[in-house]
Student: 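I'd like to ask some things about the structure below.
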2 protein chains.
Amino acid sequence: MVNMEDCINSLAMDHPLDTTPKYSVTQAAKLVEISEHTLRYYDDKGLFPFLQKNDAGKRLFSEADLQWAKLLECLSNSGLSIKEMQQYVELCIIGDSTVPQRYAILARQEKIVKEQIREKKRQLKLLQFKLDYYKDWQTRI
Amino acid sequence: MVNMEDCINSLAMDHPLDTTPKYSVTQAAKLVEISEHTLRYYDDKGLFPFLQKNDAGKRLFSEADLQWAKLLECLSNSGLSIKEMQQYVELCIIGDSTVPQRYAILARQEKIVKEQIREKKRQLKLLQFKLDYYKDWQTRI
DNA sequence: TATAAAGCTTCGAGTTGCTCGAAGTCAACA
DNA sequence: TGTTGACTTCGAGCAACTCGAAGCTTTATA
């Protein structure tokens, strides 16, 4: 799997077999910058429906799984609960007929992230206001 | 630190800050858009060192307390733990000598919030990429 | 070939920061 | 006087991790 588009093709729209190199949970954690514990936790919750395991039960992450992990992180950070992510996974598994529903979910999260950015900028302003005040205070003494 | 006004002034930053008790927890919650539960929780954790109570034990929030609540929210959202906010409060109570330490804390949080904004923008891009892909997919069928 | 180390596994318990609800207090008003 | 409503405290519950123990394979070393 080379790019994001392919990834979305395989994981979000369909679920074909991914034949790319596989990573252990430790390697995957480093690559996507999500802790091993969280990756396993997500897997236990069924959020990696296409994740493979070898004969010894060892998890094997494909490139597609890594991209998927990034999407999960994104959805989680924008406020989706585990349960809601599970529902998103369900929709993905059902297939193309659920594209409108999935689109609606992503569109809602897009709005939320936009509002989060506005909120973060307000927070930044507050901090900078205080920092300016302190700076001012320090030059006065 | 001699009085509440000095403290809040040097910390919550609005000048001049009104420290007259005015609002019930319900009113305060509406004004700052933080739940009553959270305001009480923060108070229980000692994060409102100058919050007054009337004879019946009812909390009375001043304008200064509202500003302070906003700062607490900001610090919390930028990743400060309750314990760290407690330490910040300690520094505030000690007084002017701790201004450099408090400045350092706020400066660190400013950096963090800036990085959070960058991260949010990356998330937004990922969502928009997926939305575009879905849009494309829908026009193709 | 024994054994030790590394790297994974599962599972259950602990942590943080809320979030909720029950039970009680108190002031105001019909 | 009784009821309503807004508050109080306190303890339990919850989501999403986060950690650590115990065990299983595979690989490296003696």
Student: Atom NZ of K45(A) and atom P of dT10(C): how far apart are they, to the nearest Å?
Tutor: 14 Å

Student: Kindly write out the residues that satisfy side-chain hydrogen bond (donor to acceptor under 3.5 Å, both in side chains) with E119(A), not counting sequence neighbours, or none if the list is empty.
Tutor: R122(A)

Student: Counting heavy atoms from C-beta on, name the nucleotide in dT10(C), dT9(D), dT26(D) closest to the side chain of R40(B).
Tutor: dT9(D)

Student: Going by atom types only, do K30(B) and Q27(B) share a side-chain donor-acceptor pair under 3.5 Å?
Tutor: no

Student: Rounding to an integer number of Å, can you tell me how far Q86(A) CD sits from dA15(D) P?
Tutor: 11 Å

Student: Nearest-Å distance, CD (E36(A)) to P (dC19(D))?
Tutor: 11 Å

Student: Which part of the nucleic acid does K53(B) contact within heavy-atom distance under 4.0 Å: base, sugar-phosphate only, or nothing?
Tutor: sugar-phosphate

Student: Can you tell me the distance, in whole Å, between the NZ atom of K30(A) and the C1' atom of dG7(C)?
Tutor: 11 Å

Student: The criterion is side chain to side chain contact (heavy atoms under 4.5 Å, CB included); which residues satisfy it with L60(A), sequence neighbours excluded?
Tutor: K22(A), N54(A)

Student: Figure out the CG/C1' separation between L60(A) and dT26(D), and round it to whole Å.
Tutor: 14 Å

Student: Mind calculating the distance between CG (L72(A)) and C1' (dA15(D)) to the nearest angstrom?
Tutor: 16 Å

Student: Is there any salt bridge (charged side-chain N to carboxylate O under 4.0 Å, His left out) pair reaching into residues 68-82 of chain B, and which pairs are they, with sequence neighbours excluded?
Tutor: K70(B)-E73(B)

Student: Roughly, in whole Å, what's the span from CG in D43(B) to C1' in dC10(D)?
Tutor: 15 Å

Student: Extract all donor-acceptor atom pairs below 3.5 Å that involve side chains of residues 39-51 of chain A and protein atoms in other chains or at least two apart in sequence.
Tutor:
| residue | atom | partner | partner atom | Å |
| --- | --- | --- | --- | --- |
| R40(A) | NH2 | E36(A) | OE1 | 3.1 |
| D43(A) | OD2 | R59(A) | NE | 2.7 |
| D44(A) | OD1 | R59(A) | NH2 | 3.2 |

Student: Once side chain to side chain contact (heavy atoms under 4.5 Å, CB included) is applied, do any residues pair with S35(A), and if so which ones, sequence neighbours excluded?
Tutor: H37(A), T38(A)

Student: Tell me the interatomic distance from D55(B), atom CG, to dT25(C), atom P, rounded to whole angstroms.
Tutor: 17 Å

Student: Take nucleotides 12-19 of chain C nucleotide by nucleotide from the 5' end and write B, S or -, depending on whether a protein heavy atom sits under 4.0 Å from the base, only from the sugar-phosphate, or from neither.
Tutor: -----BBS

